[in-house]
Amino acid sequence: MSFFYKKGFTFFMKNKLASLIANSVAVCTKKGLLPDIRLPQIEIEVPANPDHGDYASNIAMVLASQARQNPRKIVQAIQENLDDSEGILEKTQIAGPGFLNFVVKDDLWRQVLRKVLDEKEKYGCLDIGGEKKVQVEFVSANPTGPLHIGHARGAVVGDVLSSLLTATGYRVSKEYYINDAGNQMNNLGKSVLYRYRELLGEKIEFPDNCYQGDYIKEIASDIIKREGRHYLAQNEEETVSYFNAVAGGVILEDIKKDLKDFGVTFDFYFSEKELYKDNGVSNLLDSLQKQGFIYSDGETLWFKTTAYGDEKDRVVIRKNGDPTYFAADIAYHQNKFARGFDILIDIWGADHHGYMPRLWAAIQALGHDKNDLKIILVQLVNLLRAGEPVAMSTRAGEFVTLREVLDEVGKDAARYNFLMRRSDSHLDFDLEVAKKQSNENPVFYVQYAHARICSIIRMAGERGMICPAFENTDPSLLVEPEERTLIKMLARYPEMLEGTARTLEIHRITFYLNELAGAFHSYYNRNKVVTDNAALSAARLVLIDAVRVVLGNALKILGVNAPEKM
RNA sequence: GCGCCCAUGGCUCAGCUGGAUAGAGCGCCAGACUACGAAUCUGGAUGUCGCAAGUUCGAAUCUUGCUGGGCGCACCA
């Protein structure tokens, strides 16, 4: 019997069972038990209740109206004519309104352990991406201040998504877009100048649009230390521009360092200024105007985004002649495609959702499919401390930075907490809870399962029982229901990754991990792994080693440490 | 006013894209270490899946309409 299944056990079994059913229906038709009908897509599902078998098919209910027969009668005919010549099934049963339930032989399930242990850290890696080039753009915060907790969530989502897509066969590039051409950056330079003057004795009223955090003061004070006070006498515009560059550079380096300590790295930092080189933006607009996507009302230039379903057209060149942010963004996305990416993924704060239609319109005008740009919205983080909201304001400089969160709760807990909800739903992040080393904090639950397994294997080794290879064990000794549950869960891992990659809903990984860790803890408390029975111990060591591998693989995608001791 | 998202036990959320008796964690109650790690486990109580229609063998899931909440609706980024 061949157990070659590239996309995982479940995928393999579903195909197998679907073809068994298709054959049986054909036989039934030939025998006159069923009328000559068009066979629909055969769905094989995994029942929520294990009493309903390992897999189930609703085929009889789907056929019922077409065949004008009672579903129970149809399913009986199908069951009786099922030809399991390979002997993969323990039994089949008919249940409910007409489900056909399949129980797969335990021997077959146990082969999953062989696969996990053969492939080790590669187990779960898929090739569904077909080496397509994907670019994930995320964080992209303007270097006007340190990253705060809201950025942190987007950072983890982008980072984990990138790891996931890499593991499932895409070629991924992670990019950070630096908005350094607009007037926010100008305000940064101005803010530094105000602090500079203040530090040198002037009395300053800070305008609303200036940044007032302490980091601005530090940068101003560094400039004074290094270069003195001569900027007081110089042309303000030049000084602001220079201070801009200095401050932007310093802050960007700090951001990079914070991200690195958070486990987030980028392949590329892209500066908005690049887009304006060689008149890039205006050349692009010219060419779009020739194609009829852009028109003038005499004073301003408009992009006809309504042609692609936006609610109104959008300005690209203002009355004063300056291009809008949108204009640069069109050029940026054209640039991305020009670099050869097949799929673009943008990760935005959910408050930007109104911006989606115009960007989709733009890429369609550029000749791409709407589906080539996927936009993931990340909802804001509700920061709490012991249940009480923490005030946040960027301008006033009152916010909790990524750095502070890292220092307070650590990388693993912070990352895991951000991954426990769908990214498009609000997230309460409680600093006190994230710090707790208790079961209120699921990251420890999962890490503990991993450490516990390592500990058992260590202890077995000390007693002279080295964790054996699958070939040297008798897996048929694994007969406990908890063992079957664990094996089935390991088998589901590649399929879970596939669904996660397809939907880009990375929270599914944390839910899977919680379940797997729970199944293991439960098993552990009921069954002793290392016993006097050498053969049984060997088989169980192989089982928990496979659990360890899968826990480790999934945690690796999340960028969370899988400790051997805690 | 228009558009997008959301509504599931007391709280925070899942629900594998239409399946069988809707699940976890926290909290509450009652139990389990002379034991491979108790950061764990076992059992119990809690639900008109916001409301109302529709689609079909079958709806938390799809359609429409309400109600209630979040967020957008710049020649800001």
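All values below were derived from every heavy atom in this structure, side-chain atoms included, with hydrogens, water molecules and symmetry-related copies excluded. Below, chain A is the first sequence line, B the second, and so on; all start at residue 1.
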Between which residue ranges does RNA chain B form stems of three or more consecutive Watson-Crick or G-U wobble pairs, both distances under 3.5 Å?
B:1-5 with B:69-73, B:10-13 with B:23-26, B:28-32 with B:40-44, B:50-54 with B:62-66
Polar atom pairs between nucleotides 4-6 of chain B and protein, under 3.5 Å, N or O only, would you list them?
none

Atom pairs under 3.5 Å, N or O on each side, protein against nucleotides 17-22 of chain B: can you list them with distances?
residue, atom, partner, partner atom, Å
rG19(B), N7, N58(A), ND2, 3.2
rG19(B), O6, N58(A), ND2, 2.8
rA20(B), N6, N101(A), OD1, 3.0
rA20(B), N1, N101(A), OD1, 3.2
rA20(B), N1, N101(A), ND2, 3.3

Which residues pass the salt bridge (charged side-chain N to carboxylate O under 4.0 Å, His left out) test with [X], not counting sequence neighbours?
X	result
D424(A)	R422(A)
D310(A)	R314(A)
E274(A)	K277(A)
K190(A)	none

With sugar-phosphate meaning primed atoms plus P, OP1 and OP2, does A460(A) contact a base, only sugar-phosphate, or nothing at under 4.0 Å between heavy atoms?
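Counting heavy atoms under 4.0 Å across all strands, no contact is made by A460(A).
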Which side-chain hydrogen bond (donor to acceptor under 3.5 Å, both in side chains) pairs, counting each pair once, include a residue from residues 537-549 of chain A, with sequence neighbours left out?
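Listed once each, the pairs are E483(A)-R540(A), Y523(A)-R540(A), T531(A)-S537(A), D545(A)-R548(A).
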Per the side-chain hydrogen bond (donor to acceptor under 3.5 Å, both in side chains) rule, what does the pair list look like for residues 508-520 of chain A, sequence neighbours excluded?
E505(A)-R508(A)
Which residues satisfy the side chain to side chain donor-acceptor pair (under 3.5 Å) test with E272(A), sequence neighbours excluded?
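Side chain to side chain donor-acceptor pair (under 3.5 Å) list for E272(A), sorted by chain: N179(A).
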Which way is the base of rU17(B) turned, syn or anti, if we draw the line at 90° from 0?
syn
Strictly below 4.0 Å, heavy-atom distances to any atom of RNA chain B: list the hits from residues 514-527 of chain A, or just say none.
H521(A), S522(A), Y524(A), N525(A), R526(A), N527(A)
Residues 345-357 of chain A side chain polar contacts: donor-acceptor under 3.5 Å, at least two apart:
residue, atom, partner, partner atom, Å
D346(A), OD1, K336(A), NZ, 3.0
D346(A), OD2, H333(A), NE2, 2.7
Y355(A), OH, D329(A), OD2, 3.0

